[in-house]
**Q** 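Have a look at the structure that comes next, please.
Because only heavy atoms are used, hydrogens play no part in the values below, and waters and symmetry mates are left out as well, while side chains stay in. Lettering follows sequence order; numbering is per chain, from 1. All of these numbers come straight from a predicted model, not from anything done at the bench.
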Amino acid sequence: MVERKTATVEVDLSIPVQADLVVLARLAAATVASRAGFGVEDIEDLRLAVEELCLSLVGTRADGRLHLSYENDGDAITVSCWYEAEAAVPGTWGGEADDLSLRILDALVDDHGRGLRGDGPSAWLCKRRSDATA
Amino acid sequence: MTDGGRSTGEEAKALFFELAAHRDPAVRDRLVTAHLGLAHQLARRYANRGEPYEDLVQVASLAIVKSIDRFDPDRGVEFTTFATRTVIGELKRHFRDKGWAVRAPRRVQELYLELGKVTETLSQELGRSPTVGELATATGATEEAVLEALEAGQGYRTSSIDATDRNEETLASHIGGDDASLDTVEDRELLAPAIAKLAPREQTILQLRFAHGLTQSEIAARVGISQMHVSRLLAASLERLRKSVTEADVDADVEITQVEVVEVDVKAEGAPDQAQADGAGDHAKGDEEAGSEPTEPTEPTEPTEPTEPTWNGEQEGRAAS
């Protein structure tokens, strides 16, 4: 029987936009999901999805910070992410998700969306446990 | 979520209904061809992680075929969503089977190798994917160590194939022999006997082309025949495989189309280095509706190694450091 930890947990993470630090975003997601009793397949999906979320927000930019917020309510994990550029580029939003990103997220998580937060792009995803009852 | 190509999407849906009703191979072929672009896109996305790009394309293409065969248009799910999930699942499995480029301390490598086996065993026992806690209990490791090992399994460098697990089995022993990429074909079982019936030289050419990713010209130089001759032998071999499989089983359609899939690669290699001039990084924009253009076959546009100036690409740079 999978142990369920139902208390809502919120974790915030802020990382510089550097390729070698995306591991922190993935690890945080995996850890939160693991604590919630997610199976490894779900965790693997979540890892890939979080990476895709980050990738889709920063594109080719290598400046600024990514802010991530993980919320676990026991049966679902919501990851919100927003990008804070060091300097806004006029006319450039920087977070235009390509179609493939959307497809990948469609495939990996139960729900996701995009928007703006301050001057920067934001996005979120929600992954429910495979064995969770609807 | 994907909102482009509404009309072509409807057209694809109509084809899927037609396929479901009549199982017409011609319709199936049209759908496969139309969706190969998606296989290339996804393979490119997960390139730079220690596995040859062409291997990823092959795995992804097979997954597209599998998706088409399993897709039920009555369920109201977009095919591209369904297929993307299948392709990613197959790519994950491929990376897992190949050791997903573990580059980590030895203890982590050992644990990662062990986790692969334990996960498989527990999945069968439990009828679901095991949790990290269950893996930790089964391996005697802490949950943190399991998470660390799983993360290491998503590394981006090729591991030492000499790393051994606790049973002193090396990663190499899990990978197999020289024809590792061809295993993706042979593992389908149906093609293996047919391949075995080919002449040794034809088998060699198939292996050089599809397992090692050599171009026809490179194969020609290595085997000592002309590129045209290589082309003819490849075509003949594929045709013989196609016939063998057709005679073998109804399910052989999967393998037949796989052959066709890889043959597209062969045709595409006539334009050398076109990927470099193809706007790498502007991924998915050029062929973003490849998955929904059933009437105009989408020629895979980037058969060569991709470059992607995104985090993936940067990770590759990190890997080299």
**Q** For the pair F79(B) and F71(B), name the ring-plane relationship: parallel under 30°, tilted 30 to 60°, perpendicular over 60°.
**A** perpendicular

**Q** Less than 4.5 Å to any heavy atom of chain A: does that hold for the side chain of I88(B), its backbone, both, or neither?
**A** side chain

**Q** Determine whether the side chains of S101(A) and E52(A) contain a donor N or O and an acceptor N or O closer than 3.5 Å.
**A** yes

**Q** Non-hydrogen atoms of chain A under 4.5 Å away: do they reach the side chain of T84(B), the backbone, both or neither?
**A** both

**Q** Measuring heavy-atom distances to chain A, does L135(B) have an atom under 4.5 Å in its side chain, in its backbone, in both, or in neither?
**A** side chain

**Q** When you check the gap from the basic side-chain N to the acidic O, do E41(A) and K92(B) get nearer than 4.0 Å?
**A** yes

**Q** Can you list the steps and then say if K127(A) with D45(A) is a salt bridge (Lys or Arg N to Asp or Glu O under 4.0 Å)?
**A** CA-CA 9 Å; K127(A) 176 78 176 171; D45(A) 284 351; 3.4 Å; yes

